[in-house]
There are 2 protein chains.
Amino acid sequence: MLRFYVIKQVGARTLTQANQWQLDPLLAVSPQLRRILRARIICHDLKPAGSISETDLGKMYNVSRQPVREALITLVNEGLVEIRPQRGTFVKRIDLESVLNGRFVREAVEADIVAKVAKRPSATLMADLRAQLKAQRLCKKGSANHFIELDEHFHHTLADAAGMHKVWDFLESTKLQMDRVRFITFEEFPTQTLIQQHEVIVDCIESASPARAQTAMRKHLREILAVLPEVLARYPDYFDNVEAMQS
Amino acid sequence: MLRFYVIKQVGARTLTQANQWQLDPLLAVSPQLRRILRARIICHDLKPAGSISETDLGKMYNVSRQPVREALITLVNEGLVEIRPQRGTFVKRIDLESVLNGRFVREAVEADIVAKVAKRPSATLMADLRAQLKAQRLCKKGSANHFIELDEHFHHTLADAAGMHKVWDFLESTKLQMDRVRFITFEEFPTQTLIQQHEVIVDCIESASPARAQTAMRKHLREILAVLPEVLARYPDYFDNVEAMQS
DNA sequence: ATCTACATACTTGTATGGCAGTGCGCAAGT
DNA sequence: ACTTGCGCACTGCCATACAAGTATGTAGAT
């Protein structure tokens with residue numbers, strides 16, 4: 001049976017919105033459910049390989065099965081849920097190959113982004129980035145979810161600076177996979193290391209060194225590979241396709 | 001009012017499947033509708049900014065509103081459709097910024113892919129690529145849709161060779177945007193130029209030159225930028241966000 | 001002539017019922 | 001003890017009905 005306990009903040013992109021886990025009766029149900037269920041899956045409140053039936057979820061939120069179903073279908077497209085017809089609906093395990101390939105995509109794209117930005121760094125951008133670094137350093141070690149939000153904002157800023165406002169949307173499905181991993185480590189993330197890498201990246205941008213900025217960004221985005229084996233060993237049941245770890 | 005005329009082949013990924021525009025009563029309706037409607041939008045059988053009501057589509061295919069609705073929701077997530085509650089459902093215009101940003105993403109990713117492949121080219125891969133080039137050269141000038149299929153297969157092969165089987169899935173939404181543009185030009189695509197670029201890429205891979213392969217791939221994927229202005233001038237009503245053409 | 005109010009014909013959103021496929025347990029036969 | 005067959009509870013899929021918001025055209029009042 002599904003359990004339901006309230007956590008105020010979850011995920012990076014949706015941190016700023018309040019009432020993450022409650023339905024606002026004034027708004028349409030289906031999009032709200034999509035966000036709620038996505039958040040619950042990412043933070044493993046809904047366990048990988050767990051079964052979630054349309055009926056149960058409908059009862060839980062006091063809505064009919066239809067909006068639940070529509071929400072689940074979108075989650076299928078995002079690779080978070082698997083619907084086996086006439087059999088059941090299940091939370092997908094974290095597909096390791098998707099995580100690795102998604103990371104590859106993100107590295108390629110963000111490397112090009114930071115290179116483009118470093119070609120002609122603007123003064124206002126540099127001021128913004130420096131301020132963000134300051135805020136990241138001030139972020140307390142315990143509040144990992146707050147840091148995730150700042151990190152997300154940092155990378156998003158770079159994409160915007162490159163004039164690629166829509167790129168972040170394209171990368172959303174890849175980030176989802178990585179976020180599921182990131183949420184396991186969560187509190188013990190090497191915050192200091194990541195901030196230092198951010199600083200290196202900003203330095204490279206400021207000195208207008210596209211090539212160096214690119215390598216710095218690539219190194220930064222490979223950091224998740226370091227924690228992966230440990231996470232995988234600790235939560236083997238959460239993962240799928242583990243044999244694809246040769247890359 | 002919506003019109004419905006049968007075209008056997010549309011889109012690149014789905015070319016091999018027969019009966020693209022007919023419903024198979026044995027399979028589930030909703031996924032079939034998703035593919036059909038997506039194909040009809042990409043090839044502009046359903047015109048940009050045109051209205052498509054759930055009821056009409058349901059009558060057209062002799063199914064109820066529900067599966068139609070589910071298909072449309074997935075198309076919303078793919079950026080092909082816009083649902084305005086209580087107002088109507090419309091085919092989205094081709095968002096120029098999404099096209100450009102999607103192309104940027106694809107260039108970044110495929111550049112890294114081809115570089116990785118060129119580091120250690122295998123003999124069997126080279127044989128495969130050479131055979132594909134041969135098939136491309138044999139492709140008649142008229143059958144542009146067949147060439148699109150071959151082109152798609154070519155790029156997919158490289159991704160697989162890099163061990164990135166899931167990357168293509170991540171790129172699907174970006175490709176959708178580009179395909180809508182590509183389908184306008186369609187018959188007059190510079191097939192010979194593209195094949196020559198493919199040959200250059202394969203040569204670079206064979207000589208194990210990652211850097212040169214990367215630049216060749218980048219040049220290849222910038223080809224669409226050349227035709228964009230003309231297409232845009234000829235079908236201005238199909239496009240949106242045209243002022244973003246400074247990039 | 002102009003503006004307002006309302007009836008009406010749309011649209012999408014949600015709820016509900018029936019259908020068909022699936023898996024599991026239990027019971028009967030081997 | 002093992003296998004086989006049936007029944008039942010469960011699932012998601014689809015059709016239908018109802019609800020609620022929106023645009024539009026028209027009749028009436030000003």
Side-chain angles (χ1 to χ4, degrees), chain A residues 1-3 22-38 40-41 46-93, chain B residues 1-3 22-38 40-41 46-93:
Chain A
M1 180 50 78
L2 292 167
R3 289 167 306 159
Q22 294 289 3
L23 282 176
D24 181 344
L26 295 177
L27 301 175
V29 177
S30 175
Q32 294 188 79
L33 273 181
R34 177 181 11 158
R35 285 207 321 272
I36 291 176
L37 294 178
R38 177 161 48 191
R40 292 183 66 183
I41 290 175
L46 296 174
K47 296 269 183 292
S51 96
I52 47 179
S53 87
E54 298 176 352
T55 314
D56 287 352
L57 288 173
K59 284 178 189 166
M60 181 177 305
Y61 290 100
N62 282 318
V63 294
S64 85
R65 303 195 316 270
Q66 217 52 47
V68 174
R69 175 174 172 73
E70 289 169 4
L72 289 176
I73 287 177
T74 69
L75 295 181
V76 168
N77 296 331
E78 292 174 353
L80 296 178
V81 160
E82 181 179 6
I83 295 181
R84 301 222 288 253
Q86 274 74 37
R87 235 169 288 200
T89 305
F90 306 88
V91 179
K92 274 193 75 168
R93 291 181 206 267
Chain B
M1 178 52 75
L2 292 167
R3 288 166 307 158
Q22 294 289 1
L23 282 177
D24 180 345
L26 295 177
L27 301 175
V29 177
S30 174
Q32 294 188 79
L33 273 180
R34 176 180 10 156
R35 286 207 320 273
I36 291 176
L37 294 178
R38 178 163 46 194
R40 291 183 66 183
I41 290 175
L46 296 174
K47 296 268 183 293
S51 96
I52 46 178
S53 91
E54 298 174 355
T55 314
D56 287 352
L57 287 173
K59 285 178 188 166
M60 182 177 304
Y61 290 99
N62 282 318
V63 293
S64 89
R65 272 183 52 217
Q66 220 51 48
V68 175
R69 177 176 172 73
E70 290 168 4
L72 289 175
I73 287 177
T74 69
L75 295 181
V76 168
N77 296 331
E78 292 174 352
L80 296 178
V81 159
E82 180 179 5
I83 296 180
R84 300 220 289 251
Q86 273 72 39
R87 231 166 288 205
T89 305
F90 307 88
V91 180
K92 276 193 74 170
R93 291 179 205 267

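For the numbers below, each heavy atom of this structure counts, side chains included, while hydrogens, waters and symmetry mates do not. Chain letters run A, B, ... following the sequence lines, proteins first, then strands; residues in each count from 1.
- Atom pair A:Ile52:CD1 and D:dC10:P shows a separation of 18 Å (rounding to whole Å applied).
- A donor N or O paired with an acceptor N or O is not found under 3.5 Å between the base of C:dT22 and the side-chain atoms of A:Gln86.
- Residue B:Gly88 is the one, among A:Asn62 and B:Gly88, whose nearest nucleotide of DNA chain C lies closer to the 5' end (criterion: closest heavy atom).
- Atom OG1 of A:Thr55 is separated from atom NZ of A:Lys59 by 6.5 Å, given to the nearest 0.5 angstrom.
- One atom, CD of B:Glu54, and another, P of C:dT14, lie 11 Å apart when rounded to the nearest Å.
- Of the residues in residues 75-84 of chain A, those placing a heavy atom less than 4.0 Å from an atom of DNA chain D are A:Ile83, in numerical order.
- The backbone N or O of A:Thr89 lies less than 3.5 Å from no partner atom in the side chain of A:Glu82, so there is not a single donor-acceptor pair.
- Between the CD atom of B:Glu54 and the CG atom of B:Leu72 there is a distance of 6.0 Å, given to the nearest 0.5 Å.
- Each of A:Pro85 and A:Ser30 was matched to the nucleotide of DNA chain C holding its nearest heavy atom; the match closer to the 5' end belongs to A:Ser30.
- Contact annotation: A:Arg87 does not reach the phosphate of D:dC10 (side-chain N/O to OP1 or OP2, under 4.0 Å).
- Per the geometry, CG belonging to A:Leu26 stands 13 Å off C1' belonging to D:dA20, to the nearest Å.
- Between A:Thr74 and A:Glu70, the closest side-chain pair of non-hydrogen atoms is not below 4.5 Å.
- The interatomic distance linking B:Leu72 (CG) with C:dT11 (C1') rounds to 13 Å, in whole Å.
- Heavy atoms of B:Gln66 sit under 4.0 angstrom from at least one base atom.
- Nearest nucleotide to the B:Val63 side chain, out of C:dT12, C:dT14, D:dA15: D:dA15.
- One finds a side-chain N or O of B:Thr89 lying less than 4.0 angstrom from the OP1 or OP2 phosphate oxygen of C:dT12.
- Side chain of A:Gln32 to backbone of A:Asp24: a donor-acceptor contact under 3.5 angstrom is found.
- Residue A:Tyr61 contributes atom OH, which lies 18 Å from atom C1' of C:dT14 at whole-angstrom precision.
- Residues satisfying the side-chain contact (heavy atoms from CB on, under 4.5 Å) test with A:Arg87, not counting sequence neighbours, are A:Arg84.
- Close to D:dA15, at under 4.0 Å from its OP1 or OP2, lies a side-chain N or O of B:Ser64.
- Summarising the geometry, atom OH belonging to A:Tyr61 is positioned 5.5 Å from atom CG belonging to A:Leu37; distances are rounded to the nearest 0.5 Å.
- Rounded to an integer number of Å, the gap from B:Arg65 CZ to C:dT16 C1' is 14 Å.
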